There are 4 protein chains.
Amino acid sequence: MCQQPEPTTKAAKKQNSILTNAMMVFAKEGFRNTDVQIIADLAGVGKGTVYRHFGNKEQLFLATAKFCVERMSDYARRKVLQDQEIPNLIEANGVPQLLRKIMLACAEYYQKHPQSIEIMIQERAEFRESVYPTHLMFREENRSGLDGIMQAGIDRGELRAINVMQASDAFTDLLFGCMISGCLQGQKGKLVERVESAIDLLLNGLVATDQPSKT
Amino acid sequence: MCQQPEPTTKAAKKQNSILTNAMMVFAKEGFRNTDVQIIADLAGVGKGTVYRHFGNKEQLFLATAKFCVERMSDYARRKVLQDQEIPNLIEANGVPQLLRKIMLACAEYYQKHPQSIEIMIQERAEFRESVYPTHLMFREENRSGLDGIMQAGIDRGELRAINVMQASDAFTDLLFGCMISGCLQGQKGKLVERVESAIDLLLNGLVATDQPSKT
Amino acid sequence: MCQQPEPTTKAAKKQNSILTNAMMVFAKEGFRNTDVQIIADLAGVGKGTVYRHFGNKEQLFLATAKFCVERMSDYARRKVLQDQEIPNLIEANGVPQLLRKIMLACAEYYQKHPQSIEIMIQERAEFRESVYPTHLMFREENRSGLDGIMQAGIDRGELRAINVMQASDAFTDLLFGCMISGCLQGQKGKLVERVESAIDLLLNGLVATDQPSKT
Amino acid sequence: MCQQPEPTTKAAKKQNSILTNAMMVFAKEGFRNTDVQIIADLAGVGKGTVYRHFGNKEQLFLATAKFCVERMSDYARRKVLQDQEIPNLIEANGVPQLLRKIMLACAEYYQKHPQSIEIMIQERAEFRESVYPTHLMFREENRSGLDGIMQAGIDRGELRAINVMQASDAFTDLLFGCMISGCLQGQKGKLVERVESAIDLLLNGLVATDQPSKT
DNA sequence: CATGAATGAGTTTTCATTCAT
DNA sequence: TATGAATGAAAACTCATTCAT
């Protein structure tokens with residue numbers, strides 16, 4: 001389960017090999033530090049072939065970033081949905097638990113593939129506003145999903161009557177922050193743990209709930 | 001109030017001018033994309049002078065990052081403390097409010113100086129684990145302060161009996177995430193707003209507190 | 001006769017062209033004074049091509065030095081041997097005459113190609129002990145030949161019972177000295193003459209042979 | 001005995017210190033590789049002072065070369081003459097022995113101060129024909145002396161009736177060759193030995209003197 | 001006179017991109 | 001279609017020389 005489907009055509013296999021190796025090298029060396037020749041060598045193709053397939057280094061990188069996000073997305077979707085529909089999952093888990101599962105699924109993927117984190121950072125660092133970052137596009141696409149789940153949580157009385165968009169942002173920002181700052185100093189292996197703790201705090205809050213009585 | 005003290009000696013002024021311009025250019029172009037010549041030109045000095053002062057491009061960048069973090073730190077300290085002691089502030093504001101103020105002070109600085117955010121991202125992207133990132137060192141230095149405030153909050157019954165280290169991490173990760181993902185697409189001007197909303201959610205939680213009664 | 005065989009493949013021709021021009025420029029300007037761009041321009045290739053073929057300036061220079069020594073070696077070998085075996089030559093000429101011919105063949109080459117002398121000096125000046133100089137390697141390879149001829153001379157009663165290694169050294173040192181100090185002030189055209197005179201003196205000695213009778 | 005007289009005035013001492021350190025650095029690093037700053041630092045003066053005294057790097061180097069040759073010359077003169085006149089020395093030693101002593105005195109100096117050899121090579125490599133090399137000027141100045149001694153040797157029947165100029169050249173060329181090629185591979189300590197053997201061969205010749213009997 | 005900070009011309013080297021085979 | 005040799009623009013860095021203090 002949770003395996004990537006293998007590409008079938010020969011051309012697709014070659015593309016896949018290039019992207020896989022590009023991911024490794026870009027993650028290890030950074031975008032500017034990466035020599036396309038190295039990627040071509042690792043993929044076992046000529047440099048010209050890389051350019052034929054992806055146009056230029058920038059597009060190769062962006063394709064790599066997209067590749068990473070899609071793999072993450074696939075992984076999380078399979079992991080969370082497991083062939084069920086969102087409403088069923090809400091019913092079965094309750095919204096808070098479902099939100100937790102979604103975040104943890106993402107964290108799990110990134111913990112297994114820390115290269116994806118590097119790619120994401122490289123993309124942000126190199127392309128800033130000039131290219132709409134792949135992972136933000138991913139977030140945008142999935143925002144409505146997250147927003148919908150949150151709204152359901154409010155409707156079901158499981159969540160406070162918060163602003164769903166702000167809450168979605170807080171969720172993803174928190175995930176981001178954990179990934180970027182938390183994966184240094186050998187902490188890469190503890191990403192899931194860190195995200196879990198952070199999400200629990202976000203769900204339940206830091207302030208003592210019997211606080212009002214104090215007033 | 002909240003102004004940087006100006007450097008007095010001539011040499012310090014020159015260093016300051018180089019760093020200020022370096023900050024602008026590195027933030028705009030990214031580390032690898034920056035030609036040191038441009039910084040020298042903007043600072044009104046020869047390229048040799050830049051190298052004389054900072055050794056090489058890498059050290060120039062790291063000095064710039066340190067410069068940014070120190071300015072942020074000074075700003076937040078002045079803004080939050082206002083010549084008072086932490087215990088007094090806790091007494092006067094309560095812990096949740098104080099935590100809010102600290103985060104907002106940081107957010108305010110970064111909203112005013114979005115270049116600092118870029119510098120931070122560039123540092124992470126370029127130097128990864130090889131150099132202990134300046135902003136993480138800053139965080140490390142200040143962690144004990146944040147931890148202490150949280151502990152006081154628990155002792156005072158204002159915060160739940162959470163793990164203070166995890167909570168500190170969650171706070172800073174959230175701030176990070178907001179800065180990095182939120183400052184795109186013209187949202188740089190809304191950083192404070194975004195952080196404010198996120199911190200409120202983290203403080204109060206998403207889950208409805210009267211939830212148990214529903215069961 | 002005594003012509004270099006031309007390289008056949010296209011790649012070899014290009015390498016040859018680069019080396020030939022490198023020899024000219026290095027000899028004229030010196031190693032440190034030479035801009036690789038100039039060599040590339042003269043060879044009619046891009047600078048990148050030069051680096052592609054030779055790695056860096058240092059290796060380009062060392063390849064040039066090797067190129068020079070090999071050409072000299074080929075020239076001298078063809079000139080002296082003329083398709084005969086050493087023993088035959090000894091028989092036909094006698095050892096002193098053969099030694100003379102060898103030295104003169106080398107001198108002839110250097111007189112025709114004074115650039116080779118410059119390259120040799122540059123190599124010694126720039127790389128000192130760090131790289132085992134090309135021409136010393138050449139000497140080492142050919143020492144045994146020279147030693148053998150000398151030993152034959154002693155055996156045949158043509159040479160005094162000298163130490164053959166010391167004598168070989170003296171021969172080559174003398175050639176060296178003539179080349180380096182003698183090729184200044186327009187004396188380059190007289191190298192053969194100078195070597196010839198010096199070798200004759202070395203062969204026959206300066207001291208009057210009827211000297212003993214004076215005692 | 002054989003000590004350099006110390007400079008007396010303050011300015012002269014400073015010049016001397018600069019030259020001594022320049023000799024060390026130029027010999028170790030080569031002319032182009034040497035940073036004038038290093039020399040200034042070692043001499044304990046400002047870089048400006050070096051330029052004030054010597055004009056530019058080239059002139060500093062040439063002054064250093066001159067300094068080296070003069071020290072060598074002084075050393076050899078003191079060592080050979082020992083307060084006597086040339087005619088007396090000829091009378092006392094005979095010409096062949098005197099020539100030997102002269103060469104060995106030079107060799108001794110260079111063996112003690114191999115840096116001087118490097119300086120000589122650097123000068124030749126860097127300045128070629130453009131500047132009349134210091135050591136060749138030295139040779140020119142002393143040629144008449146050597147020529148005179150040789151002529152005396154011929155007149156006294158100690159030397160064959162050779163061409164004295166050619167013989168002088170052969171002597172110095174041989175010394176040169178020994179110095180330049182012989183002082184590699186840790187052989188610097190054996191320079192005197194090598195020169196001694198070479199000079200003996202040059203004096204006595206390689207060809208067997210009873211050769212005529214063979215006819 | 002002495003100093004050493006400032007300068008910028010000059011060089012090496014890399015690597016994205018092209019295009020002839 | 002695939003290749004990889006060729007290219008040259010671009011950038012980091014050095015250091016001889018100057019000159020204000």
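Worth saying up front: this structure is predicted, and the values here are computed from it rather than measured. Throughout, a chain's letter reflects where its sequence line sits, starting with A, and its residues are numbered from 1.
- Taking a cutoff of 4.0 Å between a charged side-chain nitrogen and a carboxylate oxygen, D:Glu126 and D:Lys57 do not qualify as a salt bridge.
- With hydrogens and angles ignored, the 3.5 Å screen pairs no side-chain donor or acceptor of C:Thr49 with any backbone N or O of C:Val45.
- The distance between atom CZ of C:Arg52 and atom C1' of E:dT18, rounded to the nearest whole Å, is 13 Å.
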B:Phe61 vs B:Ile119, side chain to side chain contact (heavy atoms under 4.5 Å, CB included): CA-CA, chis, key distance, verdict: CA-CA 9 Å; B:Phe61 180 83; B:Ile119 297 293; 4.1 Å; yes

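- Counting to the nearest Å, the P atom of F:dA16 and the CG atom of C:Asn33 are 13 Å from each other.
- Here the P atom of nucleotide E:dA6 and the OH atom of D:Tyr51 are 18 Å apart, to the nearest Å.
- Using a 4.0 Å cut-off between a side-chain N of Lys or Arg and a carboxylate O of Asp or Glu, D:Glu123 and D:Lys66 do not qualify as a salt bridge.
- With hydrogens and angles ignored, no donor-acceptor pair closer than 3.5 Å exists between the side chain of C:Lys47 and the base of F:dT7.
- For the pair A:Arg32 CZ and E:dC15 P, the interatomic distance rounds to 11 Å; values are reported in whole Å.
- A:Lys14 comes within 4.0 angstrom of no nucleic acid atom, judged by non-hydrogen atoms across all strands.
- As rounded to whole Å, 15 Å separates atom P of F:dA16 from atom CZ of D:Phe54.
- Distance A:Ile38 CD1 to E:dT14 P: 12 Å, rounded to the nearest Å.
- Under the Watson-Crick or G-U wobble criterion, with both distances below 3.5 Å, E:dT17 is paired with F:dA6.
- Taking 3.5 Å as the limit, the base of E:dT17 and the side chain of A:Lys57 contain no donor-acceptor pair of atoms between them.
- A close approach under 4.0 Å does not occur between any side-chain nitrogen or oxygen of A:His53 and OP1 or OP2 of F:dT1.
- Between the side chain of C:Gln122 and the backbone N or O of C:Phe26 there is no donor-acceptor pair closer than 3.5 Å.
- The side chain of C:Asp35 has E:dT11 as its nearest neighbour among E:dA2, E:dT7, E:dT11.
- If you take CG of C:Leu60 and C1' of E:dT11, they are 14 Å apart, rounded to a whole angstrom.
- In terms of position along DNA chain E, the nucleotide closest to B:Thr49 lies nearer the 5' end than the nucleotide closest to the other residue of the pair C:Asn56 and B:Thr49.
- When rounded to the nearest whole Å, the span between CD of B:Glu29 and C1' of F:dA11 equals 14 Å.
- Between B:Val50 and D:Gly44, the residue whose closest nucleotide on DNA chain E is further toward the 5' end is D:Gly44.
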